[in-house]
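Inspection log for the structure reproduced underneath, given as structure tokens.
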Amino acid sequence: MIRVEMLSTGDEVLHGQIIDTNAAWLADMLFQHGLPMSSRATVGDSLSSLVETLTERSQIADVLIVNGGLGPTSDDLSALAAATACGVELELQPAWLEKIEAFFASRGRPMAPSNRKQAEIPAGSELIDNPVGTACGFAVTLNDCWIFFTPGVPSEFKVMVEQQILPRLKARYALTEPPICLRLTTFGRGESDLAAELEPLPLPEGAVMGYRSSMPIIEIKLTGPAAQRTAMEQAWQQVRLQLAECTLFEGTEGLPAQLARQLNQRQLSLTVSERFSAGLLQWQLASAQVPMRAGEVLPAGKETLQALAQQAQQRAAAQQAPLALCVGSLQDEQLGFALSTPDGLFAQRVKFNNQRHTLETRQQLVAMMAMNMLRRWLHGMEVSTGHGWVDIVETLKA
């Protein structure tokens with residue numbers, strides 16, 4: 001097994017001032033190509049720390065992908081750190097310097113002198129093309145470790161990994177078939193509750209059941225070797241059966257995208273009215289291109305469940321939409337939902353039984369509950385359903 005590691009650089013990453021989305025993307029990309037990432041480290045903008053970490057990881061990893069630190073400013077130290085670790089000087093690449101100059105000229109701007117350093121890489125290293133930016137990447141070998149240096153800009157980093165780095169890795173190494181990773185996302189049950197139900201299930205050799213909680217959902221993931229495909233699918237069928245009632249979707253599609261696909265297939269459109277969720281529900285649906293009529297966000301108020309249900313009916317009629325979904329106001333820890341459909345009207349009032357969560361977390365939960373009502377109706381299921389820390393106190397059907 002090839003040991004592939006990642007090294008993220010920069011004080012802003014080290015201190016949590018920005019989220020390292022490149023690391024998550026790279027881990028998934030490598031996994032899909034049969035190269036699971038073995039470990040990841042982060043180091044700040046310190047030359048000595050960079051040199052020390054490069055030397056240390058090169059003695060362990062077969063492949064190391066370094067991200068960040070190839071910009072034109074004084075805190076961009078990756079090229080110098082690589083040269084120092086390898087015991088060589090930085091060397092100007094005239095052809096790349098011309099490319100940078102042409103880049104600025106095409107935009108009617110002079111190149112700043114500081115950009116020149118983006119054309120300097122360690123002597124003897126291999127230049128790695130960056131077709132969408134000014135910082136060239138490069139590769140060196142240190143302690144038998146193949147180290148790739150890439151810019152931190154996500155759009156540049158992803159193109160270079162896909163077009164430059166992965167092809168090189170595939171040409172050098174005989175990659176194994178990617179592991180199987182089966183996923184489903186649940187809503188309404190706690191992680192410990194799910195684990196207690198799934199842990200007794202027998203798993204194929206080498207398979208691992210994983211759980212990822214991200215309020216208000218929990219993802220279940222079964223990962224195992226490709227050689228165990230049949231056994232993995234049999235085990236997964238058991239997971240499906242046991243979690244059928246609380247499963248939102250399988251794979252990575254996401255609930256809003258699933259609703260968009262199903263509504264389009266059935267040629268149904270939706271109108272939405274929100275109070276407590278303050279537009280979050282509409283934003284999530286619109287971002288997934290759910291077929292929607294005009295929506296509204298109303299100020300907090302007081303309404304009975306019957307009044308909210310009537311509002312859903314009236315909104316559907318006014319917007320000439322087959323479906324209308326309404327979220328009410330929070331009153332005494334209680335909140336109502338109403339869904340008007342061609343089959344009838346469904347409404348429920350729920351009560352929060354846990355007050356420790358933030359307003360944002362509650363709004364995320366409420367938006368998910370509203371979408372889940374629609375999903376359950378589309379699947380012919382009972383529409384009213386609670387959550388681990390939300391109790392149903394009243395329902396209405398008409």
Side-chain angles (χ1 to χ4, degrees), residues 183-195 211-220 243-250 252-260 270 272-288 290 295-303 305 308-309 311-312 323-339 346-379 381-396:
R183 307 168 186 258
L184 63 77
T185 297
T186 68
F187 175 74
R189 295 176 63 181
E191 187 173 0
S192 58
D193 182 32
L194 293 170
Y211 306 83
R212 183 181 67 85
S213 178
S214 178
M215 179 62 71
I217 60 176
I218 297 175
E219 182 187 61
I220 310 298
L243 303 185
E245 177 61 26
C246 64
T247 296
L248 288 177
F249 56 88
E250 286 199 52
T252 58
E253 181 181 40
L255 183 55
Q258 179 190 115
L259 293 175
L270 171 70
V272 174
S273 176
E274 298 177 78
R275 291 185 187 271
F276 180 73
S277 46
L280 176 63
L281 174 60
Q282 293 177 64
W283 177 80
Q284 291 180 344
L285 294 170
S287 297
V290 168
E296 64 179 7
V297 178
L298 302 175
K302 292 185 178 181
E303 73 275 313
L305 190 61
L308 191 65
Q311 178 189 346
L323 299 166
L325 187 55
C326 294
V327 177
S329 298
L330 185 67
Q331 307 169 54
D332 300 322
E333 294 300 301
Q334 297 188 18
L335 186 142
F337 302 83
L339 173 65
F346 306 87
Q348 63 176 343
R349 182 174 296 281
V350 302
K351 181 175 183 179
F352 290 94
N353 56 41
N354 190 324
Q355 300 182 22
R356 74 176 187 272
H357 296 289
T358 65
L359 172 63
E360 180 182 1
T361 298
R362 287 185 170 203
Q363 288 174 325
Q364 291 281 358
L365 172 64
V366 166
M368 186 64 72
M369 288 190 72
M371 288 189 288
N372 195 37
M373 286 181 67
L374 177 57
R375 179 193 71 85
R376 293 175 71 89
W377 176 79
L378 286 168
H379 286 265
M381 303 169 69
E382 173 63 39
V383 170
S384 297
T385 179
H387 185 274
W389 44 277
V390 174
D391 298 325
I392 298 176
V393 296
E394 182 182 2
T395 62
L396 182 153

Heavy-atom donor-acceptor pair, Gln258 side chain to Leu248 backbone, under 3.5 Å |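 Checking the backbone N and O of Leu248 against the side chain of Gln258, a donor-acceptor pair under 3.5 Å is found.
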Side chain Glu274, main chain Gly279, donor-acceptor under 3.5 Å |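 Such a contact is found between Glu274 side chain and Gly279 backbone.
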Looking at side-chain heavy atoms only, is the closest gap between Phe187 and Thr185 below 4.5 Å?
->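 A side-chain contact is absent here, since even the closest heavy-atom pair is not under 4.5 Å.
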[atom1]-[atom2] distance between [X] and [Y], expressed to the nearest 0.5 angstrom:
X: Ile217; Y: Phe249; atom1: CD1; atom2: CZ; answer: 5.5 Å
X: Gln348; Y: Thr395; atom1: CD; atom2: OG1; answer: 8.0 Å
X: Phe346; Y: Arg376; atom1: CZ; atom2: CZ; answer: 11.5 Å
X: Glu296; Y: Gln282; atom1: CD; atom2: CD; answer: 8.0 Å

Of all residues at least two apart in sequence or in a different chain, which pass the side-chain hydrogen bond (donor to acceptor under 3.5 Å, both in side chains) check with [X]?
X: Thr358; result: Thr361
X: Arg349; result: none
X: Gln284; result: Gln364
X: Gln331; result: Glu303

Sidechain N-carboxylate O distance under 4.0 Å for Arg362, Glu333 |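 Result for this pair is yes, salt bridge flagged.
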Partner set under salt bridge (charged side-chain N to carboxylate O under 4.0 Å, His left out) for [X], not counting sequence neighbours:
X: Glu382; answer: Lys397
X: Glu219; answer: Arg183, Arg212
X: Arg375; answer: none

By side chain to side chain contact (heavy atoms under 4.5 Å, CB included), which residues pair with [X], not counting sequence neighbours?
X: Arg189; answer: Asp193, Leu194, Glu197, Leu243, Cys246
X: Ser287; answer: Trp283
X: Ala300; answer: Ser329

Residues forming a ring pair (Phe, Tyr, Trp, His ring centres under 6.0 Å) with Phe352, sequence neighbours excluded |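 Ring pair (Phe, Tyr, Trp, His ring centres under 6.0 Å) list for Phe352, sorted by chain: Trp389.
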